[in-house]
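A quick write-up on the structure given underneath.
Because only heavy atoms are used, hydrogens play no part in the values below, and waters and symmetry mates are left out as well, while side chains stay in. Order of listing sets the numbers, starting from 1, for every ligand and every atom in it. Just so it is clear, the structure is predicted and the values come from calculations on it, not from any experiment.
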Amino acid sequence: MANGKIRKAVFPVAGLGTRFLPATKAVPKEMMTVVDKPVIQYVVDEASEAGIEHFVFVTGRGKQIIEDYFDIQYELEATLRARNKTAELTILETLLPKAGSTSFTRQQEPLGLGHAVWCARDIVGNEPFALLLPDMIMKSEKGCMKGMVDLHAICGGNVVAVEECAPELAHRYGIVARGERVGEEGFRITGMVEKPAPGTQPSNFFINGRYILQPEIFKILETQERGAGNEIQLTDAMLKLMESQDFTAYHYKGMTFDTGAKDGFIMANVAFALDRPDIRSLIEKDLKALVDTL
Ligand code: G1P
């Protein structure tokens with residue numbers, strides 16, 4: 001089992017986004033805008049804050065725009081320069097990943113999250129890596145992945161971020177079983193189950209879409225049978241890896257928005273807009289009035 005610095009992060013972005021049709025007919029769900037940035041930018045920013053140096057995107061058909069987004073747009077930049085739009089230029093420059101720090105590979109068939117992760121095996125190689133599901137965007141002073149990297153530096157092994165949910169929502173997620181405490185923010189994971197039947201969950205701690213995994217997961221995923229929803233499930237592969245390696249939960253206490261769901265997407269927009277002083281002053285009063293009126 002390899003430990004040490006977490007340099008690479010995998011972003012599975014091949015999903016069809018059916019919950020957002022018709023918007024996602026032509027625009028990948030990861031490119032939908034929360035205030036003024038695409039969803040994927042928030043997740044990449046979270047990874048950068050945690051010290052990630054290489055960003056691996058597992059894409060699918062119709063997702064080329066994501067690759068373009070992480071590239072230089074010469075014509076646009078020349079026009080901005082000609083118009084002295086320095087603030088806008090700075091934003092573009094700041095967000096541009098370093099040359100050579102992105103990789104794109106394709107998941108050719110939608111066989112599940114476990115399969116998407118497996119598609120990144122050659123690019124990740126034999127080192128522990130971060131995995132961030134882009135539907136979930138987080139808001140907290142210290143990013144979720146940064147907290148996980150800090151915990152991993154102490155406990156090594158595999159780290160999975162969890163949050164508490166209402167018991168009646170547990171069937172929507174991967175749920176972990178709780179063991180002894182690890183430091184201030186963690187606990188040992190003693191079991192896990194993907195989308196448990198209502199009432200059968202081992203706890204109310206759900207996996208929130210952030211992982212630090214050891215490369216041995218790829219070997220397991222290679223032969224992983226289909227699980228919940230007839231898909232190759234990452235949770236099932238992690239459960240197998242637990243037979244030989246430690247899994248620690250990082251109990252994340254910030255805000256999480258599931259932008260893959262309509263309510264989560266709208267709430268993310270409201271929350272990130274209210275957190276921007278320039279925008280808050282413009283919408284705060286109107287928002288309150290709107291809630292009272294409609
Ligand atoms: C995936 C994981 C699940 C996790 C969830 C978080 O499920 O399989 O364990 O709780 O992401 O969003 P999905 O949302 O793809 O059904």
Polar pairs, ligand 1 vs protein, N/O only, below 3.5 Å.
residue  : atom   : partner : partner atom : Å
ligand 1 : 7 (O)  : Lys195  : NZ           : 3.3
ligand 1 : 8 (O)  : Glu194  : OE1          : 3.3
ligand 1 : 8 (O)  : Glu194  : OE2          : 2.8
ligand 1 : 9 (O)  : Gly174  : N            : 3.1
ligand 1 : 9 (O)  : Glu194  : OE1          : 2.7
ligand 1 : 9 (O)  : Glu194  : OE2          : 3.4
ligand 1 : 10 (O) : Gly174  : N            : 3.0
ligand 1 : 10 (O) : Ile207  : O            : 2.6
ligand 1 : 16 (O) : Lys195  : NZ           : 2.6

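Taking the ring centre of Tyr42 as origin, the terminal cationic atom of Lys37 falls inside the region bounded by 6.0 Å and 45° from the ring axis.
By the ring pair (Phe, Tyr, Trp, His ring centres under 6.0 Å) test, Phe205 pairs with Phe187, His251, sequence neighbours left out.
Side-chain atoms of His171 and Gln201 include no donor-acceptor pair closer than 3.5 Å.
Note: Phe265 and Phe20 meet the aromatic proximity criterion, with ring centroids under 6.0 Å apart. Ring centroids of Phe129 and Phe218 are separated by less than 6.0 Å, placing the two rings close together.
Taking the side chain as every heavy atom from C-beta outward, Met32 and Thr259 never approach each other to under 4.5 Å.
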